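Note that the structure is a prediction, hence the values are computed from the model and not measured. Residue numbering restarts at 1 for every chain, and letters A, B, ... go by the order of the sequence lines.
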Number of protein chains: 2
Amino acid sequence: MKTELSAVSAKVPDQRLPRYQRLREMLAERITQGEWAPGLAIPAETELAAEYGVALGTLRSAVGLLVDEGMLARAHGKGTFVRSELAQASMFRFFRFRGQAHQDATAIPKSIIHDLREVALAPDLSERLGAGRSRRGIFMLRTRSFTDAPHLLEKIWLPLQPFKTLLRLDRTAFGDLLYPFYRERCNVVVARASEEIGFGTLAQKDAALLRMATGHPVAVIERTAFSLAGEPVEFRITQGDAYCFHYGVEIK
Amino acid sequence: MKTELSAVSAKVPDQRLPRYQRLREMLAERITQGEWAPGLAIPAETELAAEYGVALGTLRSAVGLLVDEGMLARAHGKGTFVRSELAQASMFRFFRFRGQAHQDATAIPKSIIHDLREVALAPDLSERLGAGRSRRGIFMLRTRSFTDAPHLLEKIWLPLQPFKTLLRLDRTAFGDLLYPFYRERCNVVVARASEEIGFGTLAQKDAALLRMATGHPVAVIERTAFSLAGEPVEFRITQGDAYCFHYGVEIK
DNA sequence: CAGTGGTCTAGACCACTCC
DNA sequence: GAGTGGTCTAGACCACTGC
């Protein structure tokens, strides 16, 4: 199949842009439209270059952009893959409690949803979520437990679109992992996230939910999650006992 | 002038690395050595490519790495310039204090070395540093300040080889950044690092150095730094006021 | 082994900046 | 107009993966 660079889709990128940037747009389109499924490989670079009628280097530049953005991942000798959602379990290997029997990094903590409702987003939240037009959103409050007692308290904000359908579901239907749930119910794939780690003390209400003393020191993780298209789709604040907190990072 | 890729300097990067990565090392060397001054343009890409006897694309890949790292900045039609604030502190952008006047992520904190001596490495430290044969090492204690007061306390362990030469130097000769210093004095390039973040409270001795109360909550960052060859070359524990601590992470 | 991405070449022309 | 970086081509060969 030969796909002309100028006629691949209804959305033709600005012709004045460099070819590799237009290619990036067209490839991103095919990914977000679901033509290439998350977790699977896209066609080989030589094949795609031939299909679009561009040189290999140009195609590679376009793919490179999507790799930098986190939409694609290259695997030398194997192929180029559409990123599936961040396995939340794998994200949790960075956030584990130390010195405990439940050290198992793959363990998925049990989730209990205490609150779920539509809310008006504060201006800063609205901006974070890119929900420019609508100031409406969804707020979720849940605790997560590794054993019996609650260890983590999470406050989660979502834009009303495309998550509105979640409001109609029973809280027990959510399961312990949200990102696969987002994908199944709302067709949103979380591709990457940005976290900010800080330190604070528990407010009275939060302390009650965690069964800890007001003012107890906690680690505070603020996470913004992004879709394959690069749009912010979730903001969450996680709190947990500071002295049990442990977080690993690889630099460069 | 023609400079052979293989004979440009006494420090020849590993020949097994791709050409553009070796080029990057050699260009970085000329920048850090001061041959090209901060704020000024380096030679044109065509000129450098000819000098090193490589294709333009290869030279551009090498420059691209240094641009990504923030050491160089391209200006279309004007040239490629050495960044003024030679922010070798790229590793420090992950560890910044919030809500303060010295928010500038590129600011390099002032360093004061309080202790520097040869020590026997505890077994776990010896293992971390891969100093299997020799159990001897170097211990360094220093504080770092963004303004006048000390903000961070760092305990640093190094294997005796190849850092032995540091013991003969005056403490004031160390400067504010250790990694460039390691490279200049000991020919060790820190290529990547692994960090573990946690929280704790200040011991009495440490509290005195930070001029804070014993038991004050602190963020604790344990970092293992690795050389280009992948060998662990430094282990350091950094402590700082938990309430000022802020750490950003990108997850993909 | 075939197929994939990774590196590299030696050109070409375009877009931008400054004189 | 001269010099710079930006884009693009059409090849070549290497390194890695999996059968």
Review point. Just by protein heavy atoms under 4.0 Å, how would nucleotides 8-19 of chain D read 5' to 3' in B, S and -?
Key: SB-----BBSS-
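A salt bridge between A:Glu51 and A:Arg30 is present, with a side-chain N of the basic residue lying under 4.0 Å from a carboxylate O of the acidic one. Salt-bridge check for A:Glu69 with A:Arg24: passed, with a basic side-chain N closer than 4.0 Å to an acidic carboxylate O. Note on A:Glu222 versus A:Arg128: salt bridge recorded, some NZ/NE/NH1/NH2 to OD/OE distance being below 4.0 Å.
Side chain to side chain, B:Glu195 and A:Tyr247 fail the donor-acceptor criterion of an N or O pair below 3.5 Å.
Atom C1' of nucleotide C:dT7 and atom CD of A:Glu45 are separated by 12 Å, given to the nearest angstrom. As a whole-Å value, the separation of B:Glu47 CD from D:dG5 C1' is 14 Å. If you take CZ of A:Arg24 and P of D:dT7, they are 15 Å apart, rounded to a whole angstrom.
For the pair A:Glu234/A:Thr224, no side-chain contact is recorded, criterion being any heavy-atom separation below 4.5 Å from C-beta on.
At its two ends the helix from C:dC1-D:dG18 to C:dC18-D:dG1 runs along axes set 20° apart, each axis drawn from five pairs and the angle rounded to 10°.
For A:Arg74 and C:dG6, the shortest distance from a side-chain N or O to OP1 or OP2 is below 4.0 Å.
Within the structure, salt bridge (Lys or Arg N to Asp or Glu O under 4.0 Å) pairs that include any residue of residues 56-67 of chain A comprise A:Glu45-A:Arg60 (at least two apart or interchain).
Between atom CE of residue B:Met140 and atom OG of residue B:Ser111 there is a gap of 8.5 Å, rounded to the nearest 0.5 Å. Between the CG atom in B:Leu17 and the CD atom in B:Glu25 there is a gap of 7.5 Å [rounded to 0.5 Å].
Counting any heavy atom pair closer than 4.0 Å across all strands shown, A:Ala41 reaches no nucleic acid atom. Looking at heavy-atom distances under 4.0 Å, B:Thr80 makes contact with sugar-phosphate atoms alone, never a base.
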